[in-house]
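Some notes on the structure that comes next.
We name chains A, B, ... by the order of the sequence lines, and we start the count at 1 in each one. Since this is a predicted model, take the numbers as computed values, not measurements. Computed over heavy atoms, backbone and side chain alike; hydrogens, waters and symmetry mates excluded.
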There are 2 protein chains.
Amino acid sequence: MYTISEIAKVVDISAHTLRYYEKEGIIDPIRNESGIRQFDEQHVQWLKFVKKLRETQMPVSQIKEYTRLFLEGEHTASARFRLIEDHQQYIRDQIDILLTTDEMLTKKVATYKELMQKSLS
Amino acid sequence: MYTISEIAKVVDISAHTLRYYEKEGIIDPIRNESGIRQFDEQHVQWLKFVKKLRETQMPVSQIKEYTRLFLEGEHTASARFRLIEDHQQYIRDQIDILLTTDEMLTKKVATYKELMQKSLS
DNA sequence: AGTTGACTTAGAGTGCACTCAAACGTCTAC
DNA sequence: GTAGACGTTTGAGTGCACTCTAAGTCAACT
């Protein structure tokens, strides 16, 4: 069992943000007698998944929606499937853009190197 | 020569955003006698470059800085070079994250397909 | 018993990147 | 020459995702 600041370290998401995620319905820790949030291994796994989605720009609103569907049960599988597939498409488009830009910048870098070489001679 | 809405179409950046970029010093179109902005081929090239930087999450503030250095002249080449190199590193890190997440989602998708297959039988 | 530090809440504030509104000027076609 | 489509400006508004504040509770240590 983890407190909020413990799990914050483990998953590398600030306690602040975790409370915000709870308010948004993305995570639902249990509470002990004194109201302190308690997180377990399941929460860790879930948050690591959420983190990957956020790192790849899935909006919080969509993660919310995915969570809602997940909690609703197995009959929402196809809707969740669609969300995931759409996001995977987004990721692949994003990779394309990044690769193209990387190439462009490599050329720029080469130009700069030439320029700086010349200015030395 | 292009008006703001013409170049907006060409580079696919809204006229609103182009005015905002001008205010931020990222672009500096000339004006005709009646104060209308006039953009040329150079502006098109520059904006296409800027767009790639934005699409790959370079902050507007850094694009501003890059522009400022560029306008300052050749002696800022090494500073610009560093900005570009840093951004290229960011892009490569981002590609890594996207690839890892893509893999993870592919596994998820497979699980969902199984699940949905079973629910049919 | 007092201090420290982590936890709690509701709600306000922040920073970014647009995005829009309002009021007005200008160009083109009929 | 006037309608309407486009242009201009300043300044305010929006949406997102945090991020912080204030005021308080609670447990553990000295």
Which donor-acceptor pairs under 3.5 Å do the side chains of residues 108-115 of chain A make with protein atoms, sequence neighbours left out?
from, atom 1, to, atom 2, distance (Å)
A/Thr111, OG1, A/Lys107, O, 2.9
A/Tyr112, OH, B/Tyr66, OH, 2.6
A/Tyr112, OH, B/Arg80, NH1, 3.1

May I have the list of side-chain donor-acceptor pairs in residues 26-33 of chain A shorter than 3.5 Å, sequence neighbours left out?
from, atom 1, to, atom 2, distance (Å)
A/Arg31, NH1, A/Gly35, O, 2.9
A/Arg31, NH2, A/Glu22, OE2, 3.0
A/Asn32, OD1, A/Ser34, N, 2.9
A/Asn32, OD1, A/Ser34, OG, 3.2
A/Asn32, OD1, A/Gly35, N, 3.2
A/Asn32, OD1, A/Ile36, N, 3.0
A/Asn32, ND2, A/Gln38, OE1, 3.1

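Classification of the A/His43-A/Phe39 ring pair by plane angle, with boundaries at 30° and 60°, yields perpendicular.
Nearest to the side-chain atoms of A/Ser34 among the listed nucleotides C/dC18, D/dT19, D/dC26 stands D/dC26. Closest to the side chain of A/His16, from the set D/dC6, D/dC20, D/dT9, is D/dC20. Side chain of B/Arg54, nearest nucleotide from D/dC18, C/dC7, C/dA17: C/dA17. With distances taken from any side-chain atom of A/Ser5 to the nucleotides C/dA6, C/dT8, C/dA17, the minimum falls on C/dA6. Closest to the A/Pro59 side chain, of the nucleotides D/dA17, D/dT9, D/dC18, is D/dA17.
Remark: P of C/dA17 and NZ of B/Lys23 are 13 Å apart, rounded to the nearest angstrom. Here the P atom of nucleotide D/dC16 and the CD atom of A/Gln62 are 11 Å apart, to the nearest Å. Distance CD1 (B/Ile13) to P (C/dC18): 9 Å, rounded to an integer number of Å. Look at CD1 on B/Ile36: it is 8 Å from C1' on D/dC6, rounded to the nearest Å. Taking atom CZ of A/Arg31 as the reference point, atom P of C/dT9 lies 4 Å away to the nearest angstrom.
B/Ser14 comes within 4.0 angstrom of no nucleic acid atom, judged by non-hydrogen atoms across all strands.
In this structure, A/Met1 is not a member of the same hydrophobic cluster as A/Val11, with clusters built from ILVMFWY side-chain heavy atoms closer than 4.5 Å.
Taking for each of A/Ala15 and B/Tyr21 the nucleotide of DNA chain C with the nearest heavy atom, the 5'-most of the two is the partner of A/Ala15.
The phosphate of D/dG7 (OP1 or OP2) has no side-chain N or O of B/Arg37 nearer than 4.0 angstrom.
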